[in-house]
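Structure, as structure tokens:
Bear in mind the structure is a predicted one, so any value in this text is a computation, not a measurement. Letters A, B, ... mirror the listed sequences (proteins, then strands); counts begin at 1.
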Protein chains: 2
Amino acid sequence: MELSERKLKIMQAIIKTYLETGEPVGSRTISKYSDLSLSSATIRNEMSDLEEMGYIVQPHTSAGRIPTDKGYRLYVDTMMEGKEQEVLDLKEELRAKADRMDTLLKSVAKLLANQTNYATMVSGPQYKSKRVKFIQLTEVDESHLLTIVVLDGNVVKNEMIKITESVDVETVAKLNFLLNTALNGLDVSEMNLAIIQQIKEQAGGYNSIIDAVLNVVGNALTQDDDFEVYTSGAKNILNYPELADKENMVQLLDTFEEKKLISKWDEPVNETGDENHAIQVYIGNETQVDSMKDCSMVTATYKINEGVYGKIGIVGPKRMDYDKVVATLESLMKELDDIFKEKST
Amino acid sequence: MELSERKLKIMQAIIKTYLETGEPVGSRTISKYSDLSLSSATIRNEMSDLEEMGYIVQPHTSAGRIPTDKGYRLYVDTMMEGKEQEVLDLKEELRAKADRMDTLLKSVAKLLANQTNYATMVSGPQYKSKRVKFIQLTEVDESHLLTIVVLDGNVVKNEMIKITESVDVETVAKLNFLLNTALNGLDVSEMNLAIIQQIKEQAGGYNSIIDAVLNVVGNALTQDDDFEVYTSGAKNILNYPELADKENMVQLLDTFEEKKLISKWDEPVNETGDENHAIQVYIGNETQVDSMKDCSMVTATYKINEGVYGKIGIVGPKRMDYDKVVATLESLMKELDDIFKEKST
DNA sequence: TGTTAGCACTCCAAACGAAAGAGTGCTAAC
DNA sequence: GTTAGCACTCTTTCGTTTGGAGTGCTAACA
């Protein structure tokens, strides 16, 4: 069966009404709906067709219709009317936080949750290729050495190393020199045993320190546990009765707390390169997460530098206000672009 | 009226039963309760007294009784029978995480939530007096200086400073020397304008860098925003019907997400010095937080060093299993003591 | 041939009422 | 001081009823 112009219009009317009310929408409601002047009976016939085509369903006989995932998808793909972008008044607030990435992202999560009344997840920046830019060893007191590792993109990691006996200044300088000449510019796969052996030979007698430092370097290069995810607004989900039953709620909260969605975020960002921040909409099972089968998620990707990116996700009921969410996200992304640009210049 | 031996026993029976069932408990239930062989009628008389004294209430006439906050307090203060401590099998898991404080605390929150089936909050370590131990400036590349500030207790903070033109190695060394001689050992109140002026004079021409460094130092000393709080197990609260109504739930989740409880944690720890980790029980409104009026919270304090401490809190319904929670916490605290001891030696 | 009015039918949700059950307070007897 | 007994209260549960919303179908209409 063909999707006639009129059917499209009816679909749009159904979805719009349902987004607002959350109640199954009946033929009479649509009939009264401005544009098309058709009787409820005609609408009924069309709705019957649309149901057969899989765009809407009845929760039970003699109830109105609600959109299926396929119906939402149709709406998002072809009927969403890009709202003029909200002028977000976040600049002030965000910029105040901009000096520290973690607080910035926390604020983003929070502001976005307040703004949209949905739940949000923001993942911290991911670094694609990690190379050592620079290593520094410093004696803090007679039993502690501080190891600082600066990675590509000026990511700084530090860790204390315990030492059993004090090391003199020259030795520290020597070790610093050794480590830097040997390791700078390498990524984790390039630090092979040969190089390590070479360092140890030249270091002469400070093997335990070298080991400890290499350990720190290794951690810095591989550890992903500072792959932080900031969430906010979980409580907002409770406002949507269709999600608020206990069963589902426990699972949703769990998904949120455990940030399980994130595993799915690892997928390589398809660098189609458009300036559109790759905003994507996942409806119901499209999220690939079971507990989210009654939710939708809208994600966007922010980019700090080449190869350094993170994601922002907004989670709400399927009947979320896609227009608004997408517009808000687009606006926010521009904001973030500006902030990152300022920071890097 | 006096709290006779018998009344105490009845109270205990009421509370224990209520902790298990969560239902108002009637006189007949208590009458059948092993120890005391009294008829339900007698129990009724006693219960009537206990109600008058404010230890229990009826949700409505002709319902059983439930404990009031005062009743719970009586139980916690005088009737709790210290369970033999649970042997927690957390050692392995915790030690694996022990090398990084933040992951360690996250694990603590999570394990504790799983173990108890309540919600948990763990606050990161607080440093009471902050002094600069050591400052290091390093040139990372031609437009970035890395400032590292080590505080008392080997807390490390770092921040990048942007510079407009490259600085040569000797200058960096000189600035390092200047900063360290001037600032080491000082706390934030001692860094007055006189000292700052003196540094600037001696630095000669690098005022903007000095300013930037001082800014970083100031942040390091005052910023409390790495006063992190880790939460876990919020979903567990949903399992207790008396808390799971929407109204309350939204507020509780909010309290949790915003970590609002924490503001109350700032109170000076009363260093009564016992080795008992200052385990405290807050019942209902004793938490001082409105949304928690139907909850109880048990907190413990862990100490990493002198003056470096943090708190662990377990939040559950008023009818939480206080015995178990306290025992679990005690056991955990010993575990943590061990871990911290190992780390610092 | 497409549109509409009308009607019978279905199903849910809210309202109502009856009945059961749990528990109390009081009185009188032990 | 303790207990048995009884009347009373209040909640919970369950089935019944009723109203309304909405559909599908049929027949009439343009």
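- There is a side-chain donor-acceptor pair under 3.5 Å between A:Tyr322 and A:Ser296.
- A:Tyr282 and A:Gln280 share a side-chain donor-acceptor pair at under 3.5 Å.
- For residues 17-28 of chain B, proximity to DNA chain C is found at B:Gly26, B:Ser27, defined as any non-hydrogen atom under 4.0 angstrom from a strand atom.
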> Can you check ring-ring contact (aromatic ring centres under 6.0 Å, His included) on B:Tyr240 and B:Tyr118, steps first, answer last?
Replying inline: CA-CA 10 Å; B:Tyr240 301 92; B:Tyr118 300 117; 5.8 Å; yes
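- Atom CE of A:Met80 and atom CD1 of A:Ile15 lie 11.5 Å apart (nearest 0.5 Å).
- The CD1-P distance, from A:Ile43 to C:dA5, rounds to 12 Å in whole Å.
- Counting non-hydrogen atoms of other residues, nucleotides and ligands closer than 6.0 Å to CZ of B:Arg319 gives a total above 12.
- If you take CG of B:Asp49 and C1' of C:dT24, they are 14 Å apart, rounded to a whole angstrom.
- In this structure A:Tyr75 satisfies the ring pair (Phe, Tyr, Trp, His ring centres under 6.0 Å) test with no other residue, sequence neighbours excluded.
- A:Ser291 and A:Thr255 share a side-chain donor-acceptor pair at under 3.5 Å.
- Side-chain N/O atoms of B:Ser331 and B:Thr328 include no donor and acceptor closer than 3.5 Å.
- Judged by distance alone, the side chains of B:Arg28 and B:Ser40 never bring a donor and an acceptor atom under 3.5 Å apart.
- An OP1 or OP2 oxygen of D:dT3 is reached within less than 4.0 angstrom by a side-chain nitrogen or oxygen of B:Thr42.
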> How would nucleotides 8-20 of chain C be written as a contact map, 5' to 3', with B for base contact, S for sugar-phosphate-only contact and - for no contact, using protein heavy atoms under 4.0 Å?
Replying inline: --BBS--------
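- Minimum heavy-atom separation, A:Gly71 to A:Met11: CA-CE, 3.8 Å.
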Nucleotides 24-29 of chain D: which of its N/O atoms have a protein N/O under 3.5 Å away?
| unit_1 | atom_1 | unit_2 | atom_2 | d |
| --- | --- | --- | --- | --- |
| D:dG24 | OP1 | A:Arg65 | NH2 | 3.2 |
| D:dG24 | N7 | A:Arg44 | NE | 3.0 |
| D:dG24 | O6 | A:Arg44 | NH2 | 3.2 |

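- Sorted by residue number, the list of members of residues 4-13 of chain B with any non-hydrogen atom under 4.0 Å from DNA chain C is empty.
- Base pairing in DNA chain C gives the following stems of 3 or more Watson-Crick or G-U pairs, range against range and under 3.5 Å: C:1-30 with D:1-30.
- The CD1 atom of A:Ile30 sits 15 Å away from the C1' atom of D:dA21 (whole-angstrom rounding).
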